[in-house]
There are 2 protein chains.
Amino acid sequence: MRNRHGKRCGCYRERHNRWIEPSILFLLYEGTHHGYDLMSRLPDLGFVQDPVDPGAVYRMLRHLEDGDLVKSQWDTTGSGPAKRLYTITEAGKEHLKLWTDALRQRRDSLDEFLKRMQQLEEK
Amino acid sequence: MRNRHGKRCGCYRERHNRWIEPSILFLLYEGTHHGYDLMSRLPDLGFVQDPVDPGAVYRMLRHLEDGDLVKSQWDTTGSGPAKRLYTITEAGKEHLKLWTDALRQRRDSLDEFLKRMQQLEEK
DNA sequence: ATTAATATATGTTAGAAACATATATAAGTT
DNA sequence: AACTTATATATGTTTCTAACATATATTAAT
């Protein structure tokens, strides 16, 4: 949707706030993955628009590694080009826990908002 | 939290995506308000950090008016400086409905994520 | 007279998402 | 052998949103 000045509104285009960070941490909590692999798994997590922007994934992985929340090592075995295998660290697991708490709050306030909206509609 | 390069992470600092738009539309759906009044009611909606940034509120009101989702008129009656009274339009109501659907989806995917997280923790 | 509360508004910076493109290896196809 | 597609990682640029800062005017309270 655009307003009358032609400016994009974006309004009801659904988008989670910083979804990619908890999503990647979650997938790495489940097991070791490399970036390209994460890209294919992210849409399955419900959080994301398809197709996934590779730039977002690789940059987030770098960011997480800078913060010692994940670590990586090159994997030259197997077929295809070399992959960088990522593993979550202890700090990363704690961080995911913080994220989870935040997302729980987020869900609760959404719930509250939706309830109030429904009450209003019923009048 | 900052990473080792001193860059702000922001990571688990909870924040809703574009919360202010549906929140304001919701409050105006309930009844007519002016900006300063909305500012005081927003924290109550759970969506927001306190205190509210006036800039965000007044700019969003302008934006909504540009898109004909709300309309305003000056109110010089009553005490204090003149207020601009905002009313939601029919288009605004429809728009709020779209937002509500989006927020419902948002809540559902959060629910799904939290469930999967819990399952993983129980192992 | 001075300060605080009410009310609206704009400027500027920083952060995040979206969009675009670059590069390299390997596997499959004709 | 040449060409195309899939795998894999990476960076550059633009747009959008949030955060932070400041300006201005009116009225109420001390």
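Heavy-atom basis, side chains included; hydrogens, waters and symmetry copies ignored. None of the values given here were measured: they were computed from a predicted structure.
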- Check: A:Leu69 main-chain N/O paired with A:Thr89 side-chain donor or acceptor under 3.5 Å: yes
- Check for a donor-acceptor pair, side chain of A:Tyr58 on one end and backbone N or O of A:Tyr36 on the other, with a separation under 3.5 Å. yes
- 4.5 Å side-chain heavy-atom contact, A:Leu61 and A:Ser72: no
- Would you say B:Arg116 and A:Leu45 make side-chain contact, with heavy atoms under 4.5 Å?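 With C-beta onward as the side chain, the pair touches.
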Can you tell me the distance, in whole Å, between the [atom1] atom of [X] and the [atom2] atom of [N]?
X	N	atom1	atom2	answer
B:Asp53	C:dA14	CG	P	16 Å
B:Met60	D:dT17	CE	C1'	9 Å
A:Trp19	C:dA18	CH2	P	8 Å
A:Ile20	C:dA18	CD1	C1'	12 Å
A:Arg41	D:dT7	CZ	C1'	15 Å
B:Arg18	D:dT15	CZ	P	17 Å
A:Leu64	D:dA10	CG	P	14 Å

- Message: Side-chain heavy atoms nearer than 4.5 Å, only ILVMFWY residues, links allowed to pass through others: does that put A:Leu27 and A:Leu85 together?
- Response: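 No, no single cluster joins them.
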- Message: Judged by each residue's nearest nucleotide on DNA chain C, which is more toward the 5′ side, A:Arg59 or A:Gly78?
- Response: A:Arg59
Nucleotide N/O of nucleotides 6-8 of chain C paired with protein N/O under 3.5 Å:
unit_1: C:dA7; atom_1: OP1; unit_2: B:Lys83; atom_2: NZ; d: 2.9
unit_1: C:dT8; atom_1: OP1; unit_2: B:Arg84; atom_2: N; d: 2.5
unit_1: C:dT8; atom_1: OP2; unit_2: B:Gly35; atom_2: N; d: 3.2
unit_1: C:dT8; atom_1: OP2; unit_2: B:Tyr36; atom_2: N; d: 2.7
unit_1: C:dT8; atom_1: OP2; unit_2: B:Tyr58; atom_2: OH; d: 2.9

- Message: Give me the atom names and distance for the closest heavy-atom approach of A:Thr76 to A:Ala82.
- Response: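 Here A:Thr76 and A:Ala82 meet closest at CG2-CB, 4.1 Å.
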